Amino acid sequence: MKHLLSIADLTGADIHGLLELTDHMVEISQRTIPKVPALRGKNVVSLFFEDSTRTRTSFDAAAKRLSADTMNFAVSSSSVNKGESLRDTIETISAMGVDAFVIRHKSSGAPQMITRWTTACVVNAGDGWHQHPTQALLDCYTIRTNLNRRDSFEGLRIAIVGDIKHSRVARSDVQAFTALGAHVTIVAPPTLLPPSLDGWPVEISHELDSILPDLDVLYLLRVQRERMDDALLPSLREYSSMYGLTAARAARLPAHALVMHPGPMNRGVEIVVDPADLAGSVILDQVTNGVAVRMAVLFQLLGSGGDLKGDVS
Ligand code: NCD
């Protein structure tokens, strides 16, 4: 594996391998000094052309726990504002010696383009509506550990609810969950579904209430108000009344069911109840697992035989 651009590039066995590697990274993260020298001397550069809180800091923490050097490229104060092209930006930074780029960009396919302009590994941290592979991996890891499904998701019933149309998380999660064997239902009003669902291995529902009692995982998406160019929803209140997670809806879930959300949450829209009051909420586990999963990805791409034992001295 040279780059991580899309879940579609991975087989179920590849995903499984990365989740196994994540177990080691969790163990490292729980040590008193959660740091190993595995990627010492490697240079990881984050290029975020879109806002982010958790993904950016999570990659940064992951690289540091593996002792890589990190550079954060602040797009808002860079020559991009003077009209420098993406290609020139990448070639310029590459010339300083980069081993991996972690990139988020509003255009689908930007990470793929970048692979042509650098010899560094490229990790997609979210491109437009297209893909967000490390989010899908951390979601798989969270389900795997919380529902004790080490080997397969066969028989698990997962619903992904909300703004599927604009969601790179939904696209990546559908591919990853089904590659591991889960049965996925996507739940949304017709206006928030992609124009074509050809090739999506999912069931579709426009209604949430009746499927709640059968679920193992309820995955809520953020309503992406910044990506909606036209009125796709009559009102947020109406969306919330049909699809928002209220205490009454949560009570209809089986006791073991997990509630997940990639963040950031629109409280009062897709999630009406306080997640802290939900027994099944694993939303903060997702954030914690995000660091370990990204350590696994960076190690897989850059490790080249570096070992995970030993402390930093
Ligand atoms: C997601 C993203 O940016 O794709 N957030 C994240 O990475 N945790 C989902 C979202 O913005 O709704």
Side-chain angles (χ1 to χ4, degrees), residues 4-8 22 46-63 72 75 101-112 122-143 158-177 186-189 192-194 217-229 232-233 236 239-240 243-245 258-271 275 281-295 297-298:
L4 179 62
L5 302 175
S6 170
I7 291 291
T22 303
S46 293
L47 277 170
F48 276 61
F49 292 86
E50 252 191 12
D51 297 341
S52 165
T53 309
R54 61 214 90 212
T55 305
R56 184 181 188 134
T57 45
S58 181
F59 269 109
D60 207 46
N72 263 307
V75 171
F101 281 108
V102 175
I103 170 148
R104 171 169 286 193
H105 201 280
K106 65 179 184 316
S107 300
S108 299
Q112 171 86 52
V122 177
V123 183
N124 182 0
D127 61 333
W129 304 0
H130 177 227
Q131 278 281 322
H132 191 353
T134 57
Q135 179 71 44
L137 293 169
L138 75 90
D139 290 336
C140 288
Y141 191 78
T142 303
I143 294 171
I158 303 177
I160 303 179
V161 185
D163 186 357
I164 312 283
K165 178 176 169 134
H166 301 101
S167 177
R168 53 193 174 213
V169 174
R171 286 174 179 77
S172 311
D173 272 350
V174 164
Q175 289 170 351
F177 296 163
I186 54 178
V187 185
L192 292 186
L193 288 174
V217 178
L218 175 64
Y219 197 103
L220 304 170
L221 294 171
R222 183 172 68 87
V223 175
Q224 306 212 350
R225 286 180 272 189
E226 79 280 15
R227 297 218 166 104
M228 290 191 194
D229 31 26
L232 297 176
L233 286 172
L236 289 178
Y239 176 87
S240 192
Y243 302 100
L245 185 62
L258 307 180
V259 176
M260 302 175 69
H261 191 301
M265 290 184 270
N266 289 308
R267 287 181 189 258
V269 182
E270 67 265 3
I271 186 148
S281 168
V282 290
I283 295 170
L284 290 177
D285 286 15
Q286 289 173 269
V287 178
T288 307
N289 291 335
V291 178
V293 158
R294 290 174 176 124
M295 288 168 77
V297 167
L298 291 174

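Order of listing sets the numbers, starting from 1, for every ligand and every atom in it. All values reported here derive from a predicted model rather than from experimental measurement.
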As an exercise, identify every atom of ligand 1 less than 4.0 angstrom from a heavy atom of [X].
{"X": "Arg104", "answer": "2 (C), 3 (O), 7 (O)"}
{"X": "Val169", "answer": "1 (C), 4 (O), 9 (C)"}
{"X": "His132", "answer": "2 (C), 4 (O), 6 (C), 7 (O)"}
{"X": "Gln135", "answer": "6 (C), 7 (O), 8 (N)"}

Heavy-atom nearest neighbour of atom 4 (O) of ligand 1 within options Gln131, Arg56, Arg168: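 Result: the heavy atom closest to atom 4 (O) of ligand 1 is in Arg168.
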inquiry  = For atom 8 (N) of ligand 1, which of the options Ala170, Pro262, Ser167, Gly128 provides the nearest non-hydrogen atom?
reply    =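 Looking at heavy atoms only, Pro262 sits closest to atom 8 (N) of ligand 1.
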(Q) Once salt bridge (charged side-chain N to carboxylate O under 4.0 Å, His left out) is applied, what residue pairs with a partner in residues 258-269 remain, sequence neighbours excluded? (A)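 Counting only pairs at least two positions apart or across chains, the salt bridge (charged side-chain N to carboxylate O under 4.0 Å, His left out) contacts touching residues 258-269 are Arg267-Asp274.
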- Query: Are side-chain heavy atoms of His132 and Asn124 found at a separation under 4.5 Å?
  - Reply: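 A side-chain contact is absent here, since even the closest heavy-atom pair is not under 4.5 Å.
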What closest approach, in Å, do His130 and Ser108 show between heavy atoms, and which atom pair accounts for it?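 Looks like CB-OG, 3.4 Å.
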If we check side chain to side chain contact (heavy atoms under 4.5 Å, CB included) with Met260, which of these qualifies: Ile143, Ile160, Leu218?
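With Met260 as partner, side chain to side chain contact (heavy atoms under 4.5 Å, CB included) holds for just one option, Ile143.
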(Q) Any heavy atom of Gly126 closer to ligand 1 than 4.0 angstrom? (A)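 Contact check Gly126 vs ligand 1: negative.
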Note to self: Looking at Phe48, I'd like to know if the NZ or CZ of Arg104 sits under 6.0 Å from its six-membered ring centre while staying within 45 degrees of the ring's axis.
What the structure shows: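 No, Arg104 does not sit over the ring of Phe48.
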- Task: Specify side chain, backbone, both or neither for Glu50, according to which of its non-hydrogen atoms lie closer than 4.0 Å to ligand 1.
- Result: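 Neither part.
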Using the six-membered ring wherever Trp is involved, compare the ring planes of His166 and Trp129 and label them parallel, tilted or perpendicular (cut-offs 30° and 60°).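 If you compare the ring of His166 with that of Trp129, the planes turn out perpendicular.
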Original post:
Are Glu270 and Asn266 linked by a side-chain donor-acceptor pair shorter than 3.5 Å?
Top reply: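 Checked: Glu270/Asn266 side chains pair up, N/O donor to acceptor below 3.5 Å.
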When only distance counts, is Gly263 in polar contact with ligand 1, meaning an N/O pair under 3.5 Å?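 Yes, there is a polar N/O contact under 3.5 Å.
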